[in-house]
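Lettering of chains follows the sequences in order, A, B, ..., and the numbering in each one begins at 1. This one's a predicted model, so the numbers in the text were calculated from it and none came from an experiment.
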Number of protein chains: 2
Amino acid sequence: MTKGSKEKEEKERNQQGVLVLNKAVSLLMELSKFKYEAELSELAQRTGLNKSTASRILATLERWKLVRQNPSTRRFSLGHVLIHLGNLASSQLSLPELFHFRLEKLMELTGETASLVILDKDKAVYIDQVPSKSMIRSFPEVGASVYLHCTAVGKILLSGMPRERAEKLLESASLPAFTCKTITNPQALLKQIEEIKLKGYSVDDEETELGGRCIAAPVRNSRGDVVAAVGISGPSSRVTPERIPELAKIVIEVAKEISNELSLPSFTQK
Amino acid sequence: MTKGSKEKEEKERNQQGVLVLNKAVSLLMELSKFKYEAELSELAQRTGLNKSTASRILATLERWKLVRQNPSTRRFSLGHVLIHLGNLASSQLSLPELFHFRLEKLMELTGETASLVILDKDKAVYIDQVPSKSMIRSFPEVGASVYLHCTAVGKILLSGMPRERAEKLLESASLPAFTCKTITNPQALLKQIEEIKLKGYSVDDEETELGGRCIAAPVRNSRGDVVAAVGISGPSSRVTPERIPELAKIVIEVAKEISNELSLPSFTQK
DNA sequence: TTTCCTCATTTCACAATATGCAACGAGGTT
DNA sequence: AACCTCGTTGCATATTGTGAAATGAGGAAA
């Protein structure tokens, strides 16, 4: 990191809000980058704070156990109260509240509309979404539900079920064909689902609407169950077959980030 | 809560450290008590802070996403960065660092020496401990390892293994008798272990040393695996058979608290 | 619809409070 | 033993957070 960018950071920090708080959070954030413990001098240097200021702030945070100071080495690490607060935060926030900013990131990275979807009976329901900035963009609305058999997110949800349940669902439900590319044969779908499990992502190749392609990946809880799906959808002209691997990589990455943060003891759907 | 105690809280808060920080953390703590969202006025009232002060502090915390402000209702909840920090905190801290304060609590509640123990090969190793304040107290030292067959914590670790592994271990290892009460018959031990699984706690009834009794309970990760054991140990005169149920209840409670906070994605032993 | 509350936010003058320097005490290393 | 670097603290200064009141924004009641 150059000196210039550090000064810029400092400026930005002073821009708004309560100064001391910004300093304190800066310290927490810097501290969070360490694998184990960090010493005061380094933290002070990295945040651009005076050593005594950093010392006083860290001492205050230590009183609340937001940071821990190793009694023997006097080095700092994050404190156990943060774990407590983190757990409570995940119980206070709903899925979309928790991960909206990640969808924003996904949209920025891919340029396409990003969505978060969960299973509701035999449909996939959009619970959050960040629309693409392009003029030509995808359609889904929060709250809307779509079929499982012809959407990328739907296939991900199917791939997360026990095989028998997916079979039952596909055989009992009607599988309307929206385009000539829609797969309506349960056996063919089940075969594709096995492929999806291996690849880690799914594609809707104009199966819902001609001219639209989607890519999705699974969100898993700490037990490994698929609890949701994230995906992007855009016009076939931008989401070309050639770009699918590169885009899928991004979708999977974001889905994994969400999964990692979803390692919660008691997650309650809101 | 009375007005008096609130003023006292306020005094305490101003006692030491950076004032604004104490106020900010007070707000976070108060916010953490809510199931969903809280409004500024209530938070300000509960923490004894001026509304404008609270507003500024919360706005600053919101910029860092340590709290979230519902855009439509303007009510506050904990923010998603806390989840992130919580995860990192649990990766930075070792088991004893994470839970020392809980052992302190256990010691306070029971009056007896509290210990945290993990499995190492065919022994139980003390990785943390808070000694009783009594003159007559238990002996274990951090780093020391003890047998599984004659200690309360050891039996808990045995009860957490797949049955075959416990059998193998008990049959291949030598089971020295330290007192006349030590159980050295593998079959009898296995039977007791089944009981322990049902009751949720184990007892060492003078099996390691005459005049000493211990009670232990399992610490489980999010998958339900037993990853450690917490226990208390004290002289038979205080840890009487009659008190065992009440003491066991406390030990189990603390073990559960630890387990709940141990719902981490990537826990690495230090 | 209009009126009336209550809520969160912003303004501004004031003084309370965080700051940085320098000094200190404590470990660890050469 | 001498030296270096670490974290912490005292103190004078002014930077910075503060609270009362005003403002703006919703919602509920009439």
key: d(CZ, A:R74; C1', C:dG27) in whole Å   = 10 Å
task = Report the C-alpha distance between A:L103 and A:D128 in whole Å, list the side-chain angles of each, state the deciding distance to 0.1 Å, and finish with yes or no for side-chain contact (heavy atoms from CB on, under 4.5 Å).
result = CA-CA 8 Å; A:L103 290 188; A:D128 198 15; 3.8 Å; yes
ask   = To the nearest Å, how far apart are B:E39 CD and C:dT9 C1'?
value = 15 Å
message = Tell me whether the count of non-hydrogen atoms from other residues, nucleotides or ligands lying under 6.0 Å of NZ in A:K123 goes above 12.
response = yes
key: Length of the CG-P vector between A:L31 and D:dG7, whole Å   = 12 Å
request  = Whole angstrom is fine here: how far is it from CD in B:E37 over to P in C:dA8?
outcome  = 12 Å
message = For D:dG19, does the base pair up with any side-chain atom of B:K51 as donor and acceptor (N or O, under 3.5 Å, distance only)?
response = no
inquiry  = Is the phosphate of D:dT18 approached by B:K23 (side-chain N or O, under 4.0 Å from OP1 or OP2)?
reply    = yes
query = What is the distance from CZ of A:R75 to P of D:dT5, rounded to the nearest Å?
reply = 16 Å
ask   = For B:S41, which contact category applies under a 4.0 Å heavy-atom criterion: base, sugar-phosphate, or nothing?
value = sugar-phosphate
Heavy-atom donor-acceptor pair, A:Q92 side chain to B:L78 backbone, under 3.5 Å = yes
message = Using a heavy-atom cut-off of 4.0 Å across all strands, would you classify B:E42 as base, sugar-phosphate, or nothing?
response = nothing
query = Any side-chain N or O of A:Q69 less than 4.0 Å from the OP1 or OP2 oxygen of D:dT8?
reply = yes
request  = Report the nucleotide, chosen from C:dT9, D:dA20, D:dT8, that has the shortest atom-to-atom distance to any side-chain atom of B:N50.
outcome  = D:dA20
ask   = Which whole-number value in Å describes the distance from A:L58 CG to D:dC6 P?
value = 15 Å
query = Under 4.0 Å: is that the gap between some side-chain N or O of B:S55 and OP1 or OP2 of C:dT9?
reply = yes
query = Within this structure, what is the CG-to-P distance between B:L19 and D:dG19, rounded to whole angstrom?
reply = 9 Å
message = Go nucleotide by nucleotide along DNA chain C from the 5' end; which of A:T53 and A:S72 gets its closest nucleotide reached first?
response = A:T53
remark   = Result for 5'-nearest mapping on DNA chain D, choosing between A:A38 and A:R56, is A:A38
key: Within 6.0 angstrom of B:H100 NE2, more than 12 heavy atoms from elsewhere   = yes
query = Is there side-chain contact between A:R68 and A:H80, with heavy atoms separated by less than 4.5 Å?
reply = no
task = Could you check how far CG of A:N22 sits from C1' of C:dT19, rounded to whole Å?
result = 16 Å
